[in-house]
Amino acid sequence: EGTMHVDLRDRFRGCLLGLAVGDALGAPLEFLDAGKIKKQHGRVTEMIGGGWLHLAPGEYTDDTQMTLCIAESLAEKNAFDPDDIAARFVQWMESNPPDVGNHTRNVLEKIAGGTDWRSASQSVQRAAPSSAGNGSVMRCAPVALWDWNDASARIEHSRVQSEITHAHQECQWSCAVINTFIVKLMQTGVRDVALDRAIEECRDAPGHIRKRVSVAAGKSVGDLNPTGYV
């Protein structure tokens with residue numbers, strides 16, 4: 001038990017640290033396609049900084065900042081408390097960070113104005129029904145760690161943390177699938193096995209979402225065409 005415990009704690013730390021490192025490494029390349037990156041930078045293996053946000057080398061973005069809001073809420077409240085997470089998101093937005101996604105800002109401004117988070121999120125979603133950006137998947141990992149041993153709580157909480165700003169079903173279920181994948185990866189250490197188990201555990205997710213995850217996972221990096229879509 002001791003070894004497993006230490007190993008898991010180490011993997012938990014690695015998950016969040018890896019998220020921040022990946023964010024800081026990739027942030028200067030945001031909105032560039034693969035060809036442009038290759039031409040301008042070659043292969044990026046160091047913290048270069050710059051990009052459209054003019055970041056310092058090693059500086060991370062809203063992806064990690066919002067992740068920290070969730071992680072700190074879980075740690076301080078010792079519970080999954082979406083009201084508290086929403087309040088922290090608003091506080092973060094009001095601290096004037098380098099970037100806040102448009103959809104996220106629209107929701108958080110309504111919450112700041114006194115609307116409860118669920119009404120705010122649903123009203124912004126209704127105004128742009130097809131909007132399904134990646135703003136809630138980029139930050140969802142702390143919920144995987146919090147609920148690593150409870151599948152139904154993990155799926156529910158993953159969906160709710162998305163709904164605070166991104167109410168679209170595709171956003172909610174993508175968070176559930178990714179968080180389940182993170183947990184299965186920690187347990188097995190084998191990417192393809194973890195993916196199969198995550199898709200199986202999220203059997204209540206709409207079929208087209210599960211299919212898209214499988215198809216995307218089977219592609220090589222060169223065949224992917226990244227966008228802001230979840």
Side-chain angles (χ1 to χ4, degrees), residues 16 19 23 30 60-147 150-182 202 204-210 212-213 226-230:
L16 296 181
L19 188 149
D23 180 20
E30 193 174 14
Y60 51 63
T61 73
D62 54 323
D63 297 27
T64 303
Q65 291 164 347
M66 296 191 87
T67 302
L68 285 170
C69 289
I70 297 173
E72 286 166 356
S73 176
L74 291 167
E76 288 174 28
K77 289 285 184 176
N78 199 28
F80 176 77
D81 181 344
D83 296 337
D84 184 67
I85 293 170
R88 287 170 193 262
F89 285 167
V90 169
Q91 205 173 11
W92 162 75
M93 176 191 70
E94 290 175 341
S95 75
N96 200 26
D99 184 35
V100 183
N102 292 334
H103 182 98
T104 298
R105 184 184 290 281
N106 290 341
V107 175
L108 295 181
E109 281 178 347
K110 282 184 183 298
I111 299 171
T115 309
D116 70 276
W117 63 261
R118 188 164 263 131
S119 306
S121 181
Q122 285 171 357
S123 116
V124 171
Q125 192 64 56
R126 274 196 304 273
S130 61
S131 172
N134 60 18
S136 60
V137 293
M138 69 188 195
R139 67 183 191 224
C140 68
V143 174
L145 310 184
W146 182 255
D147 287 320
D150 185 338
S152 59
R154 184 191 328 118
I155 289 169
E156 169 69 13
H157 293 160
S158 296
R159 293 186 63 193
V160 171
Q161 80 74 28
S162 175
E163 197 190 352
I164 295 170
T165 55
H166 289 65
H168 198 291
Q169 286 298 306
E170 290 188 2
C171 299
Q172 290 191 35
W173 277 108
S174 294
C175 290
V177 173
I178 285 174
N179 275 341
T180 304
F181 175 58
I182 289 171
C202 294
D204 292 338
H208 74 281
I209 294 175
R210 295 162 81 225
R212 286 195 73 142
V213 171
T227 66
Y229 172 54
V230 73

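FYI, the numbering just counts along the sequence from 1.
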- Sort out for me which residue in Asp147, Asn179, Asp150 forms a side-chain hydrogen bond (donor to acceptor under 3.5 Å, both in side chains) with His157.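 Result for side-chain hydrogen bond (donor to acceptor under 3.5 Å, both in side chains) with His157: Asp147.
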Keeping the roles fixed (side chain from [X], backbone from [Y]), state whether a donor-acceptor pair exists under 3.5 Å.
X	Y	value
Gln172	Ala167	yes
Ser73	Ile70	no
Asp81	Asp84	yes
Thr115	Lys110	yes

- Between Thr64 and Asp23, does any side-chain donor sit less than 3.5 Å from a side-chain acceptor?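 Yes, because at least one side-chain N or O of Thr64 sits under 3.5 Å from a partner of the opposite role on Asp23.
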- Message: Regarding Arg139 and Thr104, do their side chains bring together a donor and an acceptor under 3.5 Å, going by distance alone?
- Response: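 Per modelled atom types, Arg139 and Thr104 side chains form no pair under 3.5 Å.
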Answer yes or no: is there a side-chain heavy-atom contact under 4.5 Å between [X] and [Y]?
X	Y	value
Val213	Phe181	no
Cys69	Ile85	no
Gln161	Pro82	no
Val107	Phe89	no
Val137	Cys171	no
Ser136	Cys175	yes
Tyr60	Thr67	no
Glu170	Ile209	yes

Might you point out which heavy atoms bring [X] and [Y] nearest each other, and give the distance in Å?
X	Y	answer
Trp173	Pro206	CD1-CD, 3.5 Å
Leu74	Val143	CD1-N, 4.3 Å
Glu76	Arg88	OE1-NH2, 3.0 Å
Ile111	Ala86	CD1-CB, 4.5 Å
Pro142	Leu16	CG-CD2, 4.1 Å
His168	Ser131	CD2-O, 3.6 Å

- Item | Pairs meeting criterion salt bridge (charged side-chain N to carboxylate O under 4.0 Å, His left out) with involvement of residues 117-138, two or more places apart |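 Of all non-adjacent pairs touching residues 117-138, those that pass salt bridge (charged side-chain N to carboxylate O under 4.0 Å, His left out) are Arg118-Glu163.
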- CG (Asp83) with more than 12 external heavy atoms under 6.0 Å: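 Yes.
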- Mark yes when over 12 heavy atoms from residues, nucleotides or ligands other than Gln91 sit less than 6.0 Å from its CD; otherwise mark no.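 Count not over threshold, so no.
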